[in-house]
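Report on the following structure.
The shown structure was predicted, so the numbers you read here are calculated from the model rather than taken from an experiment.
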Amino acid sequence: QVHLVESGGGSVQAGGSLRLSCSTSGYTPSGYTISSRCMGWFRQAPGQEREGVALIDTKDRTSYAESVKGRFTISKDNAKNTLDLQINSLKPEDTAMYYCAARAWPYCSSFGEYEYNYWGQGTQVTVSS
């Protein structure tokens, strides 16, 4: 059974930084570790739809939403089965619940959340001005 557990959220002032981490465990039905699949970070602000912010595939190729390029960095440690998101230059509009997600395939095709099979419970990021 696949488990994704996020940590690292908190309350910070604008301009600050946070590092979110997602601990992964389990295998896909095909027998692959979840950390070897396409993984990503999504966020959902109050009253808004969930949106994808960063993706990383099995070859460590990354994709970012335009709104976070240059400020967010996604990375993973296959040995530790963790997925991280370094967030710099935080803005109040970054305030949201941040979710770790994974799909059963090694490559990422889009930020469409319907493509992601596994989700964590989320970690809250609050940025004050």
Side-chain angles (χ1 to χ4, degrees):
Q1 190 172 3
V2 173
H3 290 284
L4 305 177
V5 180
E6 302 93 337
S7 62
S11 297
V12 296
Q13 291 190 329
S17 298
L18 281 174
R19 188 174 185 87
L20 308 184
S21 187
C22 175
S23 176
T24 75
S25 62
Y27 296 85
T28 67
S30 301
Y32 293 97
T33 59
I34 197 62
S35 60
S36 71
R37 309 292 87 186
C38 165
M39 297 196 69
W41 287 95
F42 291 72
R43 67 185 180 185
Q44 186 169 23
Q48 298 187 20
E49 294 186 354
R50 189 155 53 185
E51 63 171 349
V53 295
L55 304 175
I56 187 167
D57 72 10
T58 192
K59 293 189 175 182
D60 289 343
R61 293 175 297 195
T62 58
S63 299
Y64 296 93
E66 286 296 324
S67 60
V68 306
K69 280 184 178 178
R71 300 188 299 120
F72 288 23
T73 303
I74 189 171
S75 62
K76 61 178 179 174
D77 186 327
N78 291 327
K80 296 181 179 179
N81 292 324
T82 57
L83 175 75
D84 291 340
L85 185 69
Q86 178 67 39
I87 310 175
N88 298 326
S89 303
L90 276 158
K91 303 176 181 180
E93 51 264 43
D94 294 321
T95 294
M97 184 71 79
Y98 283 71
Y99 298 91
C100 170
R103 63 190 305 238
W105 303 99
Y107 301 110
C108 308
S109 59
S110 79
F111 283 109
E113 61 175 293
Y114 57 88
E115 295 192 3
Y116 293 81
N117 310 91
Y118 311 101
W119 293 85
Q121 293 300 307
T123 186
Q124 178 68 38
V125 172
T126 303
V127 185
S128 58
S129 58

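- Between the OG atom of Ser129 and the CD atom of Gln13 there is a distance of 9.0 Å, given to the nearest 0.5 Å.
- Annotation: side chain of Arg37 is not in contact with side chain of Ser30 (no heavy-atom distance under 4.5 Å).
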Verdict with supporting geometry, Leu4 and Met39, side chain to side chain contact (heavy atoms under 4.5 Å, CB included): CA-CA 11 Å; Leu4 305 177; Met39 297 196 69; 4.1 Å; yes
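- No continuous path of ILVMFWY side-chain contacts below 4.5 Å connects Trp105 to Tyr118, so the two sit in separate hydrophobic clusters.
- In terms of modelled atom types and a separation under 3.5 Å, the side chain of Lys76 and the main chain of Asp57 share a donor-acceptor contact.
- Within a 6.0 Å sphere centred on CD of Gln124, other residues, nucleotides and ligands contribute more than 12 heavy atoms.
- Checked by atom type and distance alone, the side chain of Thr123 pairs as donor or acceptor with a backbone atom of Gly9 at under 3.5 Å.
- Donor-acceptor pairing under 3.5 Å is lacking for the side chains of Asp84 and Gln86.
- Of the residues listed (Ile56, Asp60, Val68, Val53), the one engaging Ile74 in a side-chain contact (heavy atoms from CB on, under 4.5 Å) is Ile56, and it is the only one.
- A donor-acceptor pair under 3.5 Å links the side-chain atoms of Thr58 to the main chain of Ser36, judged by distance alone.
- Under the 4.5 Å side-chain contact rule for hydrophobic residues, Phe42 and Val127 do not share a cluster.
- For the residue pair Tyr27 and Gly31, the shortest heavy atom distance occurs at CD2-O, 3.5 Å.
- For the atom pair CG of Asn88 and CZ of Arg71, the computed distance is 9.0 Å after rounding to the nearest 0.5 Å.
- Of all the heavy atoms in Thr28 and Ala104, the pair that sits closest is CG2-CA, 4.3 Å.
- Here CD of Gln44 is found 9.5 Å from CD of Glu51. Values are rounded to the nearest 0.5 Å.
- Once rounded to the nearest 0.5 Å, the distance linking CG of Leu83 with OG of Ser21 reads 7.5 Å.
- Contact detail for Ser23 and Thr82: the closest heavy-atom pair is CA-CG2, 4.4 Å.
- When the side chains of ILVMFWY residues are joined at heavy-atom separations under 4.5 Å, either directly or via intervening members, Phe111 and Tyr116 end up in a single hydrophobic cluster.
- Within the 4.5 Å cutoff, side-chain heavy atoms of Trp41 are placed close to those of Glu6.
- Between Phe72 and Tyr98, the ring-plane angle classifies as tilted under the 30° and 60° cut-offs.
- Residue Tyr64 is grouped with residue Leu20 when hydrophobic side chains (ILVMFWY) are merged at heavy-atom distances under 4.5 angstrom, including chains of intermediate members.
- Counting heavy atoms of neighbouring residues, nucleotides and ligands inside a 6.0 Å radius, atom CH2 of Trp119 exceeds 12 of them.
- Minimum interatomic distance between Ser89 and Asp94 (heavy atoms only, all atoms of both residues): O-OD2, 4.4 Å.
- The closest side-chain heavy-atom distance from Ser67 to Glu93 is not below 4.5 Å.
- Separation of atoms OG (Ser7) and CD (Gln121) is listed at 13.5 Å; rounding is to 0.5 Å.
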